[in-house]
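Convention: sequence-line order gives letters A, B, ...; per-chain numbering from 1.
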Number of protein chains: 2
Amino acid sequence: MATIYQVSELAGVSLSTVSRVLNENDYVSKKTKQKVLDAMEQLGYTPNSIARSLASNCTNSVGILVSELDGAFFGEMMSAIEAQLRAAGKHVIITPGHSEEDKEKNGLEFLISRNCDAIIAHVEAVSDEYLVKLNKGKTPIYLISRYVDKMKENCISLDNVMGGYLATKHLLNQGHTDITYIAGPLFKPDAFDRLEGHKKALKEHGIAFDEQTLFVGDFKETGGYNGLEYFFSKKRKFTAVVCANDEMASGVMKCAREHKLDLPKDLAIVGFDNVHFTNYLYPTLTTIDNPVEKMGIMAANLVLKQVYKQNRSNIEHIFTPDLLVRDSTTHLV
Amino acid sequence: MATIYQVSELAGVSLSTVSRVLNENDYVSKKTKQKVLDAMEQLGYTPNSIARSLASNCTNSVGILVSELDGAFFGEMMSAIEAQLRAAGKHVIITPGHSEEDKEKNGLEFLISRNCDAIIAHVEAVSDEYLVKLNKGKTPIYLISRYVDKMKENCISLDNVMGGYLATKHLLNQGHTDITYIAGPLFKPDAFDRLEGHKKALKEHGIAFDEQTLFVGDFKETGGYNGLEYFFSKKRKFTAVVCANDEMASGVMKCAREHKLDLPKDLAIVGFDNVHFTNYLYPTLTTIDNPVEKMGIMAANLVLKQVYKQNRSNIEHIFTPDLLVRDSTTHLV
DNA sequence: GTTGTTTATGGTAGCGCTTCCATATTTAGG
DNA sequence: CCTAAATATGGAAGCGCTACCATAAACAAC
């Protein structure tokens with residue numbers, strides 16, 4: 001591998017000059033620049049990014065921590081962040097946290113140890129205090145889909161309470177009154193807040209929240225499946241179910257079908273997130289549109305602005321979800 | 001940030017000794033080791049991985065190139081590779097290639113410029129020659145889900161011809177004879193080979209392949225949807241459709257339903273890949289099980305063995321897919 | 001011409017580590 | 001007790017760059 005030294009020799013200039021043309025931001029005469037460029041070309045020189053990072057203390061890389069590498073929601077999130085950052089010449093180092101405190105901490109520390117210039121994290125298990133403290137270290141932490149008051153300038157989050165509210169409100173408006181709820185793990189802020197929104201909507205309609213209508217799932221298909229089985233086993237009467245995410249809604253559909261329910265007539269279902277596949281479920285899923293791509297882009301812009309001092313205007317910190325009505329819910333006759 | 005130098009000072013030993021305890025593979029007395037460990041603890045020292053990489057010429061990172069960061073198939077692939085590598089103390093740098101030649105090259109070059117110790121790539125658009133040439137450079141390239149004869153030792157691939165064959169064979173065995181096929185983009189080896197398998201099965205049953213039964217889709221839901229619309233528009237009679245992946249199969253289902261077909265009675269559907277969600281479609285999808293997780297783990301093991309000289313036995317280079325019969329196909333009465 | 005400012009280039013000290021060589025020190029074998 | 005091997009530590013070069021300081025040349029203003 002050719003080094004900057006060999007380039008300087010071939011071009012007949014000093015190391016500094018080669019470095020200058022590499023960094024394109026200093027006085028170099030056109031003629032000299034061309035000589036250097038030619039030498040690089042001739043040697044097939046590519047800069048060693050590790051050496052640059054060590055010398056400049058900047059890696060041009062931002063760490064991304066997501067809960068899972070698979071999963072529709074995270075896929076869309078990673079994709080959006082990566083594209084935006086890549087367009088600005090930065091790159092991402094992605095690592096999963098698996099929604100477990102140890103693993104999330106481990107992932108975060110790993111990203112810090114790799115000298116990322118910043119971290120965008122979707123963390124669910126670590127505490128607010130831990131994050132605040134970590135953010136005071138050398139690597140700034142940005143949170144996506146989570147709101148921590150003491151570092152709100154670094155958060156891009158969704159109004160999950162509003163989302164949960166909209167979902168349930170929609171069913172109530174359709175005439176449903178016996179509504180069950182399949183939540184995500186309640187230690188996760190997203191899951192907790194969505195449930196809060198559900199309760200708020202019920203309250204507004206004068207319906208008392210009944211613990212018996214709640215099942216805590218795992219945000220995966222099985223969670224929805226098991227939740228519905230649970231309600232059936234309790235002989236509960238209900239005409240609608242709200243799921244805290246789309247994967248669980250698809251599990252509910254599968255279970256309902258196995259119980260010979262006619263969807264959506266016998267059971268109305270609402271999901272949350274509007275991941276890509278919801279439009280291909282049968283029936284197509286009414287869900288809450290989570291603007292995860294916009295949030296990813298915004299998180300990337302926030303990093304570009306604050307860490308890389310690029311000009312990005314209009315950082316929005318809190319996003320509002322929308323209700324998306326499709327076929328899985330209908331008016332009760 | 002504490003450096004190795006401060007640790008050495010506090011512990012009262014030389015730089016070299018600190019480096020030795022860091023690397024755990026040289027003569028250091030128990031007593032000295034403890035002193036160093038204590039000093040590290042006290043200073044909250046964490047090694048600077050960039051500096052280590054520069055000095056040792058090893059980054060302990062392997063680059064992963066996948067076509068998309070979202071997408072069920074790639075999610076499962078990344079997840080499997082990452083987990084296996086992480087367990088061995090290596091980490092991954094993931095970048096998308098978007099199935100376009102320029103972008104794939106760009107991604108590969110980027111990973112090389114980041115000094116990855118190896119690259120595991122799922123590339124579809126670049127030529128065999130390019131890969132062979134690239135593999136001769138400083139960074140070894142391993143291919144997943146692609147077979148290139150001149151570098152077959154570096155390939156982990158699937159017998160796609162067999163997969164395509166099994167899918168169509170299954171339908172033929174069920175009594176179907178009017179079978180349409182929705183392929184992926186034919187420049188992609190996976191797509192091409194699966195179609196070859198389909199043709200082979202037809203031939204074996206004495207059925208001539210008819211170009212009119214072929215639609216080339218995009219491996220996404222829309223591809224399946226559009227494919228079915230296309231066949232309908234051609235007034236084609238058929239009782240079954242083979243899709244070259246699961247996403248397209250779900251698009252087919254959606255379209256079929258909109259045309260009031262009763263599934264699976266009116267139309268048998270076979271997918272390919274057996275990604276997670278296929279079990280939650282309605283009807284559940286008969287598909288070809290693509291052992292992508294096993295392949296991912298195997299690719300990781302191959303790198304661990306060849307690049308990091310770890311002991312990994314039984315590298316399997318070619319995997320065989322299985323037919324997975326579910327509800328989307330039934331015997332023709 | 002003198003002075004000051006802009007433009008252009010070279011020299012060199014690190015960035016925080018690893019690694020090789022040199023030098024003690026300890027242990028084992030006879 | 002002597003020698004050789006094994007064990008334990010230090011010293012210093014260098015990985016490939018960046019960044020700061022110094023210097024030189026070119027240009028402008030008076």
Side-chain angles (χ1 to χ4, degrees), chain A residues 1-40 43-61 89 112-117 138-139 308-309, chain B residues 1-40 43-61 89 112-117 138-139 308-309:
Chain A
M1 233 33 230
T3 72
I4 199 176
Y5 181 76
Q6 293 163 40
V7 174
S8 80
E9 203 165 56
L10 182 60
V13 298
S14 73
L15 279 196
S16 317
T17 302
V18 179
S19 176
R20 278 185 197 101
V21 347
L22 222 45
N23 293 293
E24 295 191 335
N25 54 1
D26 224 335
Y27 302 130
V28 185
S29 72
K30 273 209 149 179
K31 216 173 95 188
T32 310
K33 186 171 175 179
Q34 196 52 54
K35 271 198 300 185
V36 173
L37 257 19
D38 288 346
M40 286 178 174
L43 290 168
Y45 169 79
T46 49
N48 180 327
S49 60
I50 299 292
R52 293 180 95 165
S53 296
L54 182 62
S56 68
N57 199 29
C58 167
T59 59
N60 282 313
S61 68
I112 293 171
S113 84
R114 293 299 303 176
N115 293 56
C116 293
D117 299 330
K138 70 169 173 178
T139 313
Y308 296 112
K309 311 299 176 196
Chain B
M1 232 33 226
T3 72
I4 200 174
Y5 181 75
Q6 294 163 41
V7 174
S8 81
E9 204 164 58
L10 182 61
V13 299
S14 74
L15 280 195
S16 319
T17 303
V18 179
S19 176
R20 280 188 196 99
V21 345
L22 222 47
N23 293 294
E24 294 190 335
N25 54 2
D26 224 333
Y27 301 128
V28 186
S29 72
K30 274 210 149 181
K31 217 173 90 188
T32 311
K33 186 171 177 180
Q34 195 52 54
K35 271 197 301 186
V36 173
L37 256 21
D38 289 346
M40 285 177 173
L43 291 168
Y45 170 79
T46 47
N48 180 324
S49 60
I50 299 291
R52 293 181 92 164
S53 296
L54 181 61
S56 68
N57 200 28
C58 167
T59 58
N60 282 312
S61 68
I112 292 171
S113 83
R114 293 299 304 176
N115 293 58
C116 292
D117 299 330
K138 68 169 174 180
T139 312
Y308 296 112
K309 310 300 177 197

Nucleotide range of DNA chain C lying under 4.0 Å from chain A heavy atoms:
C/dT7 to C/dG16

Could you pull out all residues at least two apart from B/S53 that satisfy side-chain contact (heavy atoms from CB on, under 4.5 Å)?
A/I50, A/R114, B/T59

Is there side-chain contact between A/Y45 and A/L22, with at least one heavy-atom pair below 4.5 Å?
yes

Compute the bend angle of the helix from C/dG1-D/dC30 to C/dG30-D/dC1 from the end axes (five pairs per end), rounded to 10°.
30°

Taking only heavy atoms on the protein side, list every residue of residues 3-11 of chain A lying under 4.0 Å from any atom of DNA chain C, sorted numerically.
none

Here the gap from B/S8 atom OG to B/M40 atom CE, rounded to the nearest 0.5 Å, amounts to 10.0 Å

Given side chain to side chain contact (heavy atoms under 4.5 Å, CB included), test A/K35 with A/D38 step by step and report yes or no.
CA-CA 5 Å; A/K35 271 198 300 185; A/D38 288 346; 5.7 Å; no

What nitrogen or oxygen pairs link the protein and nucleotides 24-28 of chain D at under 3.5 Å?
none

Need one value for B/S56: base, sugar-phosphate or nothing, where a base atom within 4.0 Å counts as base even if backbone is also close, heavy atoms only.
sugar-phosphate

A/T17-A/S14 side chain donor-acceptor pair, cut-off 3.5 Å:
yes

Within-4.5 Å side-chain heavy-atom neighbours: B/S19 and B/L15
no

Is B/N48 touching bases, backbone alone, or none of the nucleic acid, heavy atoms closer than 4.0 Å?
sugar-phosphate

Measure the distance from CG on A/N23 to C1' on D/dA19 and round it to the nearest whole Å.
10 Å

In short, B/N115 meets B/K138 closest at the heavy-atom pair ND2-NZ, 4.0 Å

Between A/C58 and A/Y308, which heavy-atom pair has the shortest distance, and what is it?
SG-CE2, 4.4 Å

Can you tell me if B/S56 uses its side chain to pair, donor with acceptor, with the backbone of B/R52 under 3.5 Å?
yes

Would you say A/S49's side chain and B/S113's backbone share a donor-acceptor pair under 3.5 angstrom?
yes

Pairs under 3.5 Å (N/O, protein and nucleotides 7-11 of chain D):
residue: D/dT7; atom: OP2; partner: B/Y27; partner atom: OH; Å: 3.4
residue: D/dT9; atom: OP1; partner: B/S29; partner atom: OG; Å: 3.2
residue: D/dT9; atom: OP1; partner: B/T32; partner atom: OG1; Å: 2.5
residue: D/dT9; atom: OP2; partner: B/S29; partner atom: N; Å: 2.9
residue: D/dT9; atom: OP2; partner: B/S29; partner atom: OG; Å: 3.3
residue: D/dT9; atom: OP2; partner: B/T32; partner atom: OG1; Å: 3.2
residue: D/dT9; atom: O4; partner: B/R20; partner atom: NH2; Å: 3.4
residue: D/dG10; atom: OP2; partner: B/S14; partner atom: N; Å: 2.6
residue: D/dG10; atom: OP2; partner: B/S14; partner atom: OG; Å: 3.0
residue: D/dG10; atom: OP2; partner: B/T17; partner atom: OG1; Å: 2.8
residue: D/dG10; atom: O6; partner: B/R20; partner atom: NH2; Å: 2.8
residue: D/dG11; atom: N7; partner: B/S16; partner atom: OG; Å: 2.9
residue: D/dG11; atom: O6; partner: B/S16; partner atom: OG; Å: 2.7

Among B/V36, B/V18, B/N48, which one satisfies side chain to side chain contact (heavy atoms under 4.5 Å, CB included) with B/I4?
B/V18

Decide if atom CG of A/N60 counts as having more than 12 heavy atoms of other residues, nucleotides or ligands within a radius under 6.0 Å.
yes

